[in-house]
Enquirer: 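Quick one: the structure is below, and I'll ask about it shortly.
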Amino acid sequence: MSPRPRAIRGMHDILPSETPVWGHIEARLRALMEGYGYAEIRMPILEQTDLFKRSIGEVTDIVEKEMYSFQDRNGDGLTLRPEGTAGCVRACIEHGLLDRPQRLWYQGPMFRHERPQKGRYRQFHQFGVEAFGLPGPDIDLELILLSARLWRELGLQGLELQLNSLGRAEERAVYRERLVAYLQAHATDLDADSRRRLHSNPLRVLDSKNPALADILGGAPRLLDHLGGESRAHFDALCAGLDACGVSYRIEPRLVRGLDYYGLTVFEWVTDRLGAQGTVCAGGRYDGLVAQLGGRPTPAVGFALGLERLVALVREQGLEPPPAAPHLYLVAVGGAAQAQAPRIAESLRDRLPGLRLQVHCGGGGFKSQFKKADRSGAAHALILGEDELERGVAGLKPLRAEGEQIQVPLEDLPAWLRERILGR
RNA sequence: GUGGACGUAGCUCAGCUGGUAGAGCGCAGGAUUGUGGUUCCUGUGGUCGUGGGUUCGAUCCCCAUCGUCCACCCCA
């Protein structure tokens, strides 16, 4: 047997049995964003490799070892986007959208060459929100509020909001020195990973999951204690806003970011129900990025949400929507009935927008067609056989509820269906 | 990139200390030749992930490889 083609490792087909949950979540997201006055933007999946190096940071794991980068036929260095913010900022600068505040959202596949595991895939989908030109904590608060609303609308339980402030770059630099000094004083107790990061990315040491380091890290100097007045006020205002809106949160002084462009507010929505990949949604402020990519200095804040993880949570909590089964399954037996069926079905669709009508194809007797009707999940079977054609009627049989099969004259069918099946 | 577990029918799995494979579900048909869902019957199904090795003989043992899952790491 010749080897059958397989999907690329870490890249999954989303099958018909799964698309209803996806569609449900995507519809909620779209409605949510419309409700808050955000506009959709769509960017290419490919960008110049340099864009990601300049934004995400040269020494991050993403850029160093996880990007799908290649040269195209012109020899240009291209990369399948590993996240959405960089491309969104690029698009905004390129099209001059930043002369006024912008509230944007997008959605689509992202690519990172990581070892696949639960909640982590090489092609995955992110929903992202970015707000530009708004420097204050009010917009930070809005982003958190709208994410909290999403969990409520989906019915999700068990998500915890973690919050921190990374301060301004100067404040972070001072803190960084103190942290390094502290960690070096305890270097003998650190694990190999942490010692390596001590110089490359010391803030990330705080992220370590190694329980042996808990005491050392617990005693480390705290970033929050190194904030300047303005940074502190920004953070306090955000917290006050969350309090006022009744959103509970946990201040997590060790919450940092893997991407270089973040400052001030950072937050994560975390769950313990998805195994090791517990972050469902994460974001923060990145006031420096627009200028860093060649635009005018523009404050910015955003977050990204992992759709696979959200889908997994929705399923884990049994919140999947019921599938949209047909209202009607048209059973047509015999040559004459089969020939009439498409015309009758189209005429019903013309007169009854919103009708979900599946027409049987492929012939067969009543028995097999009814079997298909049942499998389709349809509420009723609409039946056309020789008898019905002769009498100018259609049979209508309930498949999900008690009740006898009845005959309805073809000309009365639209009105009848409108009232009894569509309920209007 | 590192570690562990696991690859048998479309799906979920069984298969004893090595003797070339089974079940349930699904799918198709039938039990009333104009009626599904329950029940019963019949049928459809697999080079046991792939390639080597050991053996008279390998789904089973050994090696390699690919893949899946979980964790580390990383992150959404």
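Each chain gets a letter, A, B and so on, in the order the sequences are listed, and its residues count up from 1.
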Enquirer: When rounded to the nearest Å, what value does the distance between C1' atoms of B/C40 and B/U32 take?
Expert: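 Going atom to atom, C1' in each nucleotide, I get 14 Å.
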Enquirer: Any side-chain N or O of A/Gln117 under 4.0 Å from OP1/OP2 of B/A71?
Expert: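 Answer is yes, contact under 4.0 Å.
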Enquirer: What is the pairing partner of B/G34, taking Watson-Crick or G-U wobble pairs with both distances under 3.5 Å in any strand?
Expert: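 Across all strands, not a single nucleotide pairs with B/G34.
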Enquirer: Please measure how far the C1' atom in B/C61 lies from the corresponding atom in B/G19, and state the result in whole Å.
Expert: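 To the nearest whole Å, 15 Å.
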Enquirer: Taking any heavy-atom pair under 4.0 Å as a contact, classify A/Gly275: base, sugar-phosphate, or nothing.
Expert: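 Contact class for A/Gly275: sugar-phosphate only.
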Enquirer: Ignoring hydrogens and angles, are the base of B/G34 and the side chain of A/Gln405 linked by a donor-acceptor pair under 3.5 Å?
Expert: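 In this structure, the two groups form no donor-acceptor pair.
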Enquirer: Base, sugar-phosphate or nothing for A/Lys397? Non-hydrogen atoms, less than 4.0 Å.
Expert: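 A/Lys397: base contact, heavy atoms under 4.0 Å.
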Enquirer: From B/C69, B/A28, B/C73, pick the nucleotide closest to the side chain of A/Pro116?
Expert: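 My answer, after comparing the listed nucleotides, is B/C69.
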Enquirer: Look through every strand shown and name the nucleotide pairing with B/C13 as Watson-Crick or G-U wobble, where both distances are under 3.5 Å.
Expert: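 Here B/C13 is engaged in a pair, and the nucleotide opposite it is B/G22.
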Enquirer: Apply the salt bridge (Lys or Arg N to Asp or Glu O under 4.0 Å) test between A/Glu47 and each candidate in A/Arg90, A/Arg81, A/Lys53; give the one that qualifies.
Expert: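 That would be A/Arg90.
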Enquirer: Measure from the ring centre of A/Phe370 to the centre of the six-membered ring in the base of B/G36, then say whether that distance is under 5.5 Å and the planes meet at under 30°.
Expert: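 No, A/Phe370 does not stack on the base of B/G36, since the centre distance and plane angle fail the 5.5 Å and 30° test.
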Enquirer: Measure distances between side-chain N and O atoms of A/Lys367 and base N and O atoms of B/G36, and say whether any donor-acceptor pair falls under 3.5 Å.
Expert: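 For A/Lys367, whose side chain was compared with the base of B/G36, there is no donor-acceptor pair (under 3.5 Å).
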Enquirer: Quick one: closest heavy-atom pair of A/Leu274 and A/Lys118, and the distance?
Expert: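 Here A/Leu274 and A/Lys118 meet closest at O-CD, 3.9 Å.
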Enquirer: Can you say whether the rings of A/Tyr121 and A/His12 are parallel (under 30°), tilted (30 to 60°) or perpendicular (over 60°)?
Expert: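 Ring orientation, 0 to 90° scale: perpendicular.
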Enquirer: Across all strands, who's sitting opposite B/C61 as a Watson-Crick or G-U wobble pair, both distances under 3.5 Å?
Expert: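 B/G53 - that is the nucleotide pairing with B/C61, both distances being under 3.5 Å.
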Enquirer: With a 4.0 Å cut-off on heavy atoms, is A/Ala304 in touch with a base, just the backbone sugar-phosphate, or nothing at all?
Expert: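 Sugar-phosphate contact only.
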Enquirer: Kindly indicate, with the supporting measurements, whether the criterion salt bridge (Lys or Arg N to Asp or Glu O under 4.0 Å) is fulfilled by A/Asp374 and A/Arg400.
Expert: CA-CA 9 Å; A/Asp374 183 59; A/Arg400 310 284 130 194; 3.0 Å; yes
Enquirer: Name the orientation class of the two ring planes belonging to A/Tyr36 and A/Tyr38 (parallel below 30°, tilted from 30 to 60°, perpendicular beyond 60°).
Expert: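 A/Tyr36 and A/Tyr38: perpendicular rings.
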Enquirer: In whole angstrom, what separates A/Phe366's CZ from B/G37's P?
Expert: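 Those two atoms, CZ and P, are 16 Å apart.
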Enquirer: Using a 4.0 Å heavy-atom cut-off across all strands, classify A/His12 as base, sugar-phosphate, or nothing.
Expert: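 Sugar-phosphate, backbone atoms only, no base.
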Enquirer: Please determine whether a side-chain nitrogen or oxygen atom of A/Arg204 lies at a distance below 4.0 Å from atom OP1 or OP2 of B/C73.
Expert: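 No.
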Enquirer: How long is the line joining CZ of A/Arg115 and C1' of B/G4, in whole Å?
Expert: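 These atoms are roughly 10 Å apart.
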Enquirer: Could you tell me how far apart A/Asp387 (CG) and B/U35 (C1') are, to the nearest whole angstrom?
Expert: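 For the pair A/Asp387 CG and B/U35 C1', the rounded distance is 12 Å.
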Enquirer: Write down the distance separating the C1' atoms in B/U20 and B/U59, rounded off to the nearest Å.
Expert: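 Per the computed distance, 9 Å lies between those C1' atoms.
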Enquirer: Over how many whole Å does the gap from A/Arg375 atom CZ to B/A28 atom C1' extend?
Expert: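 Atom-to-atom, A/Arg375 to B/A28, this comes out as 10 Å.
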Enquirer: Does B/G45 have a Watson-Crick or wobble partner in any strand here, with both distances under 3.5 angstrom, and which is it?
Expert: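 No nucleotide pairs with B/G45.
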Enquirer: Evaluate A/Glu346 against A/Arg349 for salt bridge (Lys or Arg N to Asp or Glu O under 4.0 Å), listing each step before the verdict.
Expert: CA-CA 5 Å; A/Glu346 287 304 297; A/Arg349 292 187 175 110; 2.8 Å; yes
Enquirer: Could you identify the nucleotide paired to B/A76, looking across every strand shown and requiring Watson-Crick or G-U wobble geometry with both distances under 3.5 Å?
Expert: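 Its partner is none (no Watson-Crick or G-U wobble pair with both distances under 3.5 Å).
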Enquirer: Need to verify one output field. Residue with the more 5' nearest nucleotide on RNA chain B, A/Glu268 or A/Ala373?
Expert: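 Mapping each residue to its closest nucleotide by heavy atoms, the 5'-most match is A/Ala373.
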Enquirer: Mind telling me whether A/His113 and A/Tyr68 have parallel, tilted or perpendicular rings, with 30° and 60° as the class edges?
Expert: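 A/Tyr68 and A/His113: tilted rings.
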Enquirer: A/Trp22 vs A/His125 aromatic rings, parallel, tilted or perpendicular, using cut-offs 30° and 60°?
Expert: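 It falls in the perpendicular class, over 60°.
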Enquirer: Report yes if a donor N or O on one partner sits less than 3.5 Å from an acceptor N or O on the other, where the partners are the side chain of A/Asp374 and the base of B/G36; otherwise report no.
Expert: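 Donor-acceptor pair under 3.5 Å: yes.
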Enquirer: Taking only the side-chain nitrogens and oxygens of A/Arg9, find out if one of them lies under 4.0 Å from OP1 or OP2 of B/U68.
Expert: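 A/Arg9 to B/U68 OP1/OP2: side-chain N or O found under 4.0 Å.
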Enquirer: Across the strands shown, which category fits A/Gln277 at heavy-atom distances under 4.0 angstrom: base, sugar-phosphate, nothing?
Expert: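 It contacts base atoms.
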Enquirer: Rounded to the Å, how far apart are A/Asp13 CG and B/G67 P?
Expert: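 Value for this atom pair: 16 Å.
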Enquirer: Expressed in angstrom and rounded to an integer, what is the separation of A/Glu83 atom CD from B/C75 atom C1'?
Expert: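 Interatomic distance, CD of A/Glu83 to C1' of B/C75: 11 Å.
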Enquirer: Tell me: CG of A/Leu384 to C1' of B/U35, nearest whole Å?
Expert: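 These atoms are roughly 14 Å apart.
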Enquirer: Determine the contact category for A/Gly84: base if any of its heavy atoms lies under 4.0 Å from a base atom, sugar-phosphate if only primed atoms, P, OP1 or OP2 are that close, otherwise nothing.
Expert: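 No contact.
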Enquirer: For B/G67, give its Watson-Crick or G-U wobble partner with both distances under 3.5 Å, or none.
Expert: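 Partner of B/G67: B/C6.
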Enquirer: Between B/G49 and B/C6, how far apart are the P atoms? Round to whole Å, please.
Expert: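 After rounding to an integer number of Å, I get 14 Å for this pair.
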Enquirer: Starting from P on B/A76, measure out to CG on A/Leu29 and report it in whole angstrom.
Expert: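 Rounded to whole Å, this separation is 17 Å.
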Enquirer: With a 4.0 Å cut-off on heavy atoms, is A/Val280 in touch with a base, just the backbone sugar-phosphate, or nothing at all?
Expert: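 Sugar-phosphate only.
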Enquirer: Please report the distance separating the C1' of B/A31 from the corresponding atom of B/U38, rounded so that it comes out in whole Å.
Expert: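 The answer is 14 Å between these two C1' atoms.
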Enquirer: Describe the nucleic acid contact of A/Glu64 in one word from base, sugar-phosphate, nothing, applying a heavy-atom distance below 4.0 Å.
Expert: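 Result for A/Glu64 = nothing.
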Enquirer: Between B/U42 and B/G67, how far apart are the two C1' atoms, rounded to whole Å?
Expert: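 To the nearest whole Å, 37 Å.
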Enquirer: If I pick the C1' atom on B/C41 and the same atom on B/U50, what distance separates them, to the nearest angstrom?
Expert: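 Pairwise C1' distance, B/U50 against B/C41, rounds to 40 Å.
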Enquirer: At 4.0 Å (heavy atoms only), tell me whether A/Glu386 reaches a base, stays on the sugar-phosphate, or touches nothing.
Expert: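 Result for A/Glu386 = base.
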Enquirer: With a 4.5 Å limit on heavy-atom distance, are the side chains of A/Phe267 and A/Asp140 in contact?
Expert: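 A side-chain contact is absent here, since even the closest heavy-atom pair is not under 4.5 Å.
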Enquirer: Which value, in whole Å, describes the distance between the P atoms of nucleotides B/G29 and B/G37?
Expert: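 My reading of the P atoms in B/G29 and B/G37 gives 12 Å.
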Enquirer: Categorize A/Ile383 for me: base, sugar-phosphate, or nothing, with a 4.0 angstrom heavy-atom threshold over every strand shown.
Expert: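 Base, at least one base atom sits under 4.0 Å.
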Enquirer: B/U35 phosphate, OP1 or OP2: any side-chain N/O from A/Lys371 under 4.0 angstrom?
Expert: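 For B/U35, neither OP1 nor OP2 has a side-chain N or O of A/Lys371 closer than 4.0 Å.
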